[in-house]
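Written below as structure tokens is the structure these notes are about.
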Amino acid sequence: MAAGEWHREKGDYLKNESFAEDKGNVPETGCLSIIVLGASGDLAKKKTFPALFNLYRQGFLQLNEVHIFGYARTKISDDELRNRIQGYLSSGNEGSEDVSKFLQLIKYVSGSYDAAEGFQALDKAISEHETSRNSSEESSRRLFYLALPPSVYPQVCKMIKNYCTTKSDLGGWTRIVVEKPFGKDLASAEELSSQIGELFNEPQIYRIDHYLGKELVQNLLVLRFANRFFLPLWNRDNIDNVQIVFREDFGTEGRGGYFDEYGIIRDIIQNHLLQVLCLVAMEKPVSLKPEHIRDEKVKVLQSVVPIKDEEVVLGQYEGYRDDPTVPDNSNTPTFATMVLRIHNERWEGVPFILKAGKALNSRKADIRVQFKDVPGDIFKSQKQGRNEFVIRLQPSEAILHEAYGQATWVGNVDCSK
Ligand SMILES: NC(=O)C1=CN([C@@H]2O[C@H](COP(=O)(O)OP(=O)(O)OC[C@H]3O[C@@H](n4cnc5c(N)ncnc54)[C@H](OP(=O)(O)O)[C@@H]3O)[C@@H](O)[C@H]2O)C=CC1
Ligand SMILES: O=C1O[C@H](COP(=O)(O)O)[C@@H](O)[C@H](O)[C@H]1O
């Protein structure tokens with residue numbers, strides 16, 4: 001598939017299915033600049049640059065059209081940034097021609113997030129690239145990816161708007177991608193929304209939750225709503241409890257600048273795990289249009305009753321404060337578990353247990369659906385644990401059904417806890 005085709009398909013889908021504001025005819029040719037703000041950080045090296053590399057390898061980013069810019073305060077050279085990310089590009093590709101060509105697409109500009117000079121320098125670097133590609137301003141496309149803590153989004157968006165947008169509305173575009181967590185609480189999320197909304201139109205703003213891109217998360221709706229097998233079982237009559245669990249076997253590792261201000265609840269539970277919970281618990285949407293799916297998710301969230309203090313456990317792993325980027329007196333939780341209760345006809349009485357922790361003994365993300373005991377059970381003496389259905393989101397996707405210690409699984413891993 002040629003690079004432009006994907007965009008056209010997406011444009012048509014949006015035009016037909018959704019988003020009335022999307023004009024559907026935005027040109028997807030011309031010079032493309034992808035700017036990763038926070039390029040010195042963890043997200044950029046572990047996920048954003050590797051994802052861009054995969055797009056490049058699959059032919060979606062053309063050498064003659066694309067340039068990638070990293071921007072952050074850390075003073076490093078182009079080559080130092082390239083060295084930092086090289087090891088995170090798909091394993092087995094080290095030293096390959098693809099890797100070195102991709103790395104040559106990347107330039108780095110250093111500057112602060114709240115002063116004009118840095119963004120003027122960034123704009124100059126982007127404009128030079130556009131000129132070298134003979135792109136008129138009208139057809140230049142600029143995508144700004146904010147791999148940054150949300151606290152700096154407003155100032156960064158203002159700087160982008162003032163100094164770095166494409167210079168004309170006639171053709172090309174400027175878009176921004178913002179990460180989770182979107183603010184710290186309702187008030188700050190609403191404020192952030194209005195701050196960004198004053199600078200950019202809604203179709204220019206892309207909000208990301210990368211858990212929604214995981215294969216088995218994407219398959220949850222098919223699993224639930226296209227299988228007669230599951231339809232009659234998925235309710236309070238059959239399900240005893242649902243556990244949505246995220247574990248990581250590493251700590252913050254220098255990410256204190258972002259993580260310590262937010263903690264594990266805002267980092268993982270409020271976004272990734274709640275998105276998963278919504279897909280597990282929601283009713284069938286009217287269609288697969290984004291708005292219809294969103295509406296059903298919102299109903300689930302509106303049905304969650306306030307969480308009781310006695311059904312929450314918080315913790316911090318030993319050694320967290322030894323990270324030099326974490327304040328010595330930090331009280332930020334790195335582990336949290338809580339029980340959510342959904343007050344509706346399907347789920348009344350079924351606890352949804354959410355759990356997330358860093359620096360634990362393994363790296364896994366699971367949805368565990370535990371069923372009620374079989375009435376009139378004749379196997380009591382052989383019983384080992386619950387009748388359980390497990391969806392392993394990562395590291396290796398798998399689906400497991402377990403009853404009386406007999407496991408049936410699809411995938412290539414053992415789904416033990
Ligand atoms: N790490 C991950 O796997 C994922 C992270 N995210 C999201 O990405 C965003 C960034 O996270 P991550 O990259 O992990 O965090 P980092 O702590 O690595 O921060 C990224 C960069 O932002 C700058 N920075 C850090 N703290 C501050 C601060 N307090 N004020 C201004 N600038 C700061 C630093 O760059 P410099 O000092 O050079 O300017 C740093 O390199 C967060 O919103 C997070 O939720 C989302 C999905 C996955
Ligand atoms: O959003 C985040 O996710 C990562 C974990 O992502 P995964 O896809 O590797 O499970 C987490 O490490 C980080 O703290 C958080 O910001």
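Counting convention: from 1, in listed order, for ligands and their atoms alike.
In this model, a donor atom of one side chain and an acceptor atom of the other lie less than 3.5 Å apart for K297 and Q275. Counting only N and O atoms by type, the side chains of D114 and S112 include a donor and acceptor under 3.5 Å apart. Side chains of H343 and E348: a donor-acceptor N/O pair is present below 3.5 angstrom, by distance only. With hydrogens and angles left out, the side-chain atoms of T325 and D323 include a donor and acceptor closer than 3.5 Å. In this model, no donor atom of one side chain and acceptor atom of the other lie less than 3.5 Å apart for D240 and Q370. Y211 and N271 share no side-chain donor-acceptor pair at under 3.5 Å.
Of all protein heavy atoms, the one closest to atom 35 (O) of ligand 1 is S40 OG, 2.9 Å. Among all protein heavy atoms, the one lying closest to atom 11 (C) of ligand 2 is E248 OE2, 3.2 Å. Nearest protein heavy-atom contact of atom 1 (N) of ligand 1 is D42 OD2, 2.7 Å. The closest protein non-hydrogen atom to atom 28 (C) of ligand 1 is P149 CG, 4.0 Å. Among all non-hydrogen protein atoms, the one lying nearest atom 48 (C) of ligand 1 is L43 CD1, 3.5 Å. Nearest non-hydrogen protein atom to atom 39 (O) of ligand 1 is Y113 OH, 2.6 Å.
For ligand 1, the atoms lying closer than 4.0 Å to a non-hydrogen atom of P150 are 43 (O). Ligand 2 places these atoms under 4.0 Å from at least one heavy atom of K358: 11 (C), 12 (O), 13 (C), 14 (O). With ligand atoms numbered from 1 in the order given, ligand 2 contributes 12 (O), 13 (C), 14 (O), 15 (C), 16 (O) to contacts under 4.0 Å with heavy atoms of R255. Residue contact check: K180 has heavy atoms under 4.0 Å from atoms 1 (O), 2 (C), 15 (C), 16 (O) of ligand 2.
Y211 counts as a contact of ligand 2, since one of its heavy atoms falls under 4.0 Å from the ligand. Heavy-atom distances between K47 and ligand 2 reach below 4.0 Å in at least one pair. Residue contacts with ligand 2 leave out K46, since none of its heavy atoms falls under 4.0 Å from the ligand.
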Go through V99 and F53 one step at a time and tell me if the side-chain contact (heavy atoms from CB on, under 4.5 Å) criterion holds. CA-CA 8 Å; V99 171; F53 176 60; 3.7 Å; yes

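Taking the six-membered ring where the residue is Trp, the centroids of F119 and Y71 are separated by under 6.0 Å.
Using bins of under 30°, 30° to 60° and over 60° for the plane-to-plane angle, the ring pair H401/F389 lands in the tilted bin.
Relative to atom 44 (C) of ligand 1, the option among R266, E179, K180 with the closest non-hydrogen atom is K180. Checking Y145, Y258, F259 against atom 42 (C) of ligand 1, the nearest heavy atom belongs to Y258. When K46, R73, E248, R255 are ranked by how near their heavy atoms come to atom 31 (C) of ligand 1, first place goes to R73.
The backbone N or O of K372 lies less than 3.5 Å from no partner atom in the side chain of N387, so there is not a single donor-acceptor pair.
Between Y258 and ligand 2, a contact under 3.5 Å exists for no N or O pair.
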